Number of protein chains: 2
Amino acid sequence: MSARYLQIASELRLAVDRGEYPIGSLLPSEGELAARYGVARGTVRQAVALLEREGVVTHRQGARRTVVGAVPTQSFAEMQSFSMWAVSQGHVPSARVLHKEVRRVTGADVERLNAPLGEEVLDLRRVRLLDGVAVMVERTLYAGILAEHVLAMELTEGSITERLTESGFVYAHADHRIDAVSAGVVEAELLGVRRGSALLRQRRVTTSPSGVALEWSDDRYRADAVTITVRNSMSENTLARLSARGPGRARQVARPGPVGSSVGVF
Amino acid sequence: MSARYLQIASELRLAVDRGEYPIGSLLPSEGELAARYGVARGTVRQAVALLEREGVVTHRQGARRTVVGAVPTQSFAEMQSFSMWAVSQGHVPSARVLHKEVRRVTGADVERLNAPLGEEVLDLRRVRLLDGVAVMVERTLYAGILAEHVLAMELTEGSITERLTESGFVYAHADHRIDAVSAGVVEAELLGVRRGSALLRQRRVTTSPSGVALEWSDDRYRADAVTITVRNSMSENTLARLSARGPGRARQVARPGPVGSSVGVF
DNA sequence: AAGTGGTCTAGACCACGTA
DNA sequence: ACGTGGTCTAGACCACTTC
């Protein structure tokens, strides 16, 4: 049986979805909820803290919590895996392999993917399709410990992440860097768009619970295929906006180079 | 004086930055920290929970927490305000006003900005500059209650958000939708890039603690000017990836339209 | 088996918002 | 002034990891 505070959070979440607590209305007080569910106030606080992190309610010290609505956040796994995401959205995902190679991390990888120089990795490049339409080109470097597992898999369908999870690898953390790039010749061809058109790029480093990096990836989406959403709040911010040419304190944006040029071969 | 758990979190964060707890090392146990700081274990748990949400440490039930490193997250205010962000990064922000008008929300706004039809708003469009270079075009709709305050301000420098905060308006929540678009003729001209080149678009709805929307905005950055970063974890996810043409369950991506076309007049 | 984090209790006092 | 959330205590038991 799951923890009591998770049950309470679920019940409250459902009640919000059902419209029992309409958007803009106030949640009952912690004391009242504690009495209603027969638990200590601390347990209720765990439940509402969870809803707050999910963006369902807000807090203002001294006043009751306000319902701000249900949010379309996804599980960590769905954010990590294109396949799992696609299935959860009712689409049929697939892939076409472009390149597959075990090698060591080079200088170019360090810059592009933040991967540590010299590490042995599996370099996998694929085109990803949604209901048969190419929407993304991805390049993923899998850490050495994952390489043999991935190499043994069918790579054109199903979720690599899901199968790695079943093999006992746990993904715990991910850092995402999101920006826009222009499609190069190769990408334009693969995605069926014009050269130079806008792509949404998501670069990601995923780590295990003990902090070991498992994957470095560079995904480039057709601009019309996806939108990434983030919700943040005063009490909770995992977002940052960075100058593209270095983390601040410098004048590096003072004279930007030409924009709209090709980003080269993917 | 700030809360004890915040002090403890700060001390631990500094200790990590100083290298006292190197990346990959284990944090002392909760019991030990409680003894060291002379507080109850619950207080220590509040502190480490904060560090966990910030992405500094991970958790694994039964094992000590692992240090995964310091992260460049920004305050909520810095994410909300271009000016405050720029200053914090060591740049000089400024703005040029393109359009300023009090009017009612139209159908086009609803689609573009998720604003409620018919609401009275201040429509402000500006070009934003970093150290004198145009890097972003923004369109912001300010809720009626903010309009008179904003109209009374100097709009070419300084932070509107900051001044509204000083006037007592509190920003508590923000929903961000991030994608890539191609520069239209007007945007290309304003930003000094080629027509059709990639822009990073960030659309945002900001709400007060009581859930009332204060601002709807559409910011379009030169692709070479900024990167947005997000950190998420298994226990904490505020991220979602959406099909651009509706929230899933549909076949709407099956036959995407032409990509790379102009997005029209900003 | 021992250590550690996860959950929960029952109570206390303080800071803030509302009226 | 009162209600409500924010913080903190001291102790308990369980689930999981590690040895």
Side-chain angles (χ1 to χ4, degrees), chain A residues 1-12 21 24-53 56-68 168-170 172-173 208-212 233-236, chain B residues 1-12 21 24-53 56-68 168-170 172-173 208-212 233-236:
Chain A
M1 202 48 195
S2 71
R4 192 77 183 93
Y5 79 92
L6 292 175
Q7 298 170 25
I8 294 172
S10 292
E11 289 191 38
L12 290 173
Y21 302 116
S25 68
L26 299 177
L27 221 57
S29 73
E30 295 176 358
E32 190 184 325
L33 289 172
R36 182 183 308 179
Y37 290 110
V39 299
R41 194 179 142 218
T43 304
V44 168
R45 280 182 64 78
Q46 280 186 285
V48 294
L50 181 59
L51 296 181
E52 213 170 300
R53 290 199 298 272
V56 176
V57 298
T58 56
H59 73 125
R60 304 133 69 198
Q61 168 163 150
R64 300 243 281 262
R65 287 185 173 75
T66 306
V67 177
V68 295
F169 293 100
V170 180
H173 251 80
S208 73
S210 58
V212 178
S233 64
M234 222 161 38
S235 59
E236 183 74 24
Chain B
M1 202 50 191
S2 72
R4 192 78 183 94
Y5 80 90
L6 292 175
Q7 298 170 24
I8 295 173
S10 292
E11 290 191 39
L12 290 173
Y21 301 116
S25 69
L26 300 177
L27 221 55
S29 73
E30 294 176 359
E32 190 183 325
L33 289 172
R36 182 182 308 177
Y37 291 108
V39 299
R41 195 179 141 218
T43 304
V44 167
R45 280 182 65 78
Q46 280 186 283
V48 295
L50 181 58
L51 296 181
E52 212 170 301
R53 289 200 298 273
V56 176
V57 299
T58 57
H59 72 124
R60 299 135 69 201
Q61 166 160 154
R64 300 242 283 263
R65 287 183 172 76
T66 306
V67 177
V68 295
F169 293 102
V170 180
H173 251 81
S208 73
S210 58
V212 177
S233 64
M234 222 161 39
S235 58
E236 183 72 26

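On a predicted model such as this, the values are computed, not experimentally measured, just so you know. Chain identifiers are assigned alphabetically (A, B, ...) following the order of the sequence lines, protein sequences preceding nucleic acid strands; residue numbering begins at 1 within each chain.
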query: Would a 4.5 Å heavy-atom cut-off, applied to side chains only, mark A/Tyr5 and A/Val39 as touching?
result: no

- request: Mind calculating the distance between CD (B/Gln7) and P (D/dT7) to the nearest angstrom?
  value: 12 Å

message: Does a side-chain N or O of A/Arg65 approach OP1 or OP2 of D/dG6 to a distance below 4.0 Å, or not?
response: yes

field: B/Gln61, nearest nucleotide to its side chain (from D/dA15, D/dG5, C/dC8)
entry: D/dA15

- prompt: Between the side chain of B/Thr66 and the main-chain N/O of B/Thr58, is any donor-acceptor distance below 3.5 Å?
  reply: no

query: Roughly how many Å is it from CG in A/Leu33 to C1' in D/dG3, rounded to a whole number?
result: 15 Å

- prompt: Would one find a side-chain N or O of B/Gln46 under 4.0 angstrom from OP1 or OP2 of D/dC8?
  reply: yes

query: Is B/Thr43 near enough to D/dT7 that one of its side-chain N or O atoms lies under 4.0 angstrom from OP1 or OP2?
result: no

query: With a 4.5 Å heavy-atom cut-off, do B/Leu12 and B/Val57 have their side chains touching?
result: no

query: Under 4.0 Å: is that the gap between some side-chain N or O of B/Arg45 and OP1 or OP2 of C/dG6?
result: yes

message: Does D/dT4 have OP1 or OP2 under 4.0 Å away from a side-chain N or O of A/Arg64?
response: yes

query: What is the distance from CD1 of A/Ile8 to P of C/dG6, rounded to the nearest Å?
result: 19 Å

- line: When rounded to whole Å, the CZ to C1' distance for the pair A/Arg4 and D/dC14 reads 17 Å

query: How is B/Arg41 classified with respect to the nucleic acid when contacts are heavy atoms under 4.0 Å: base, sugar-phosphate, or nothing?
result: base

- request: Could you state the atom-to-atom distance from CG of B/Leu26 to P of D/dC16 in whole Å?
  value: 20 Å

query: Closer to the 5' end of DNA chain C via nearest nucleotide, is it B/Leu27 or A/Gly42?
result: B/Leu27

statement: Taken to the nearest whole Å, OH/B/Tyr5 to C1'/C/dC14 is 14 Å

message: Keeping A/Arg64 on the side-chain end and A/Leu27 on the backbone end, is there a donor-acceptor pair under 3.5 Å?
response: yes

field: Between D/dG5 (P) and A/Leu51 (CG): distance, integer Å
entry: 13 Å

- request: Starting at atom CZ of B/Arg60, determine the distance to atom P of C/dG6, rounded to an integer number of angstrom.
  value: 11 Å

- line: The residue, A/Gly62 or A/Ala3, whose nearest nucleotide of DNA chain C is more 5′ is A/Ala3

Min side-chain heavy-atom separation A/Tyr37-A/Gln7 under 4.5 Å: no

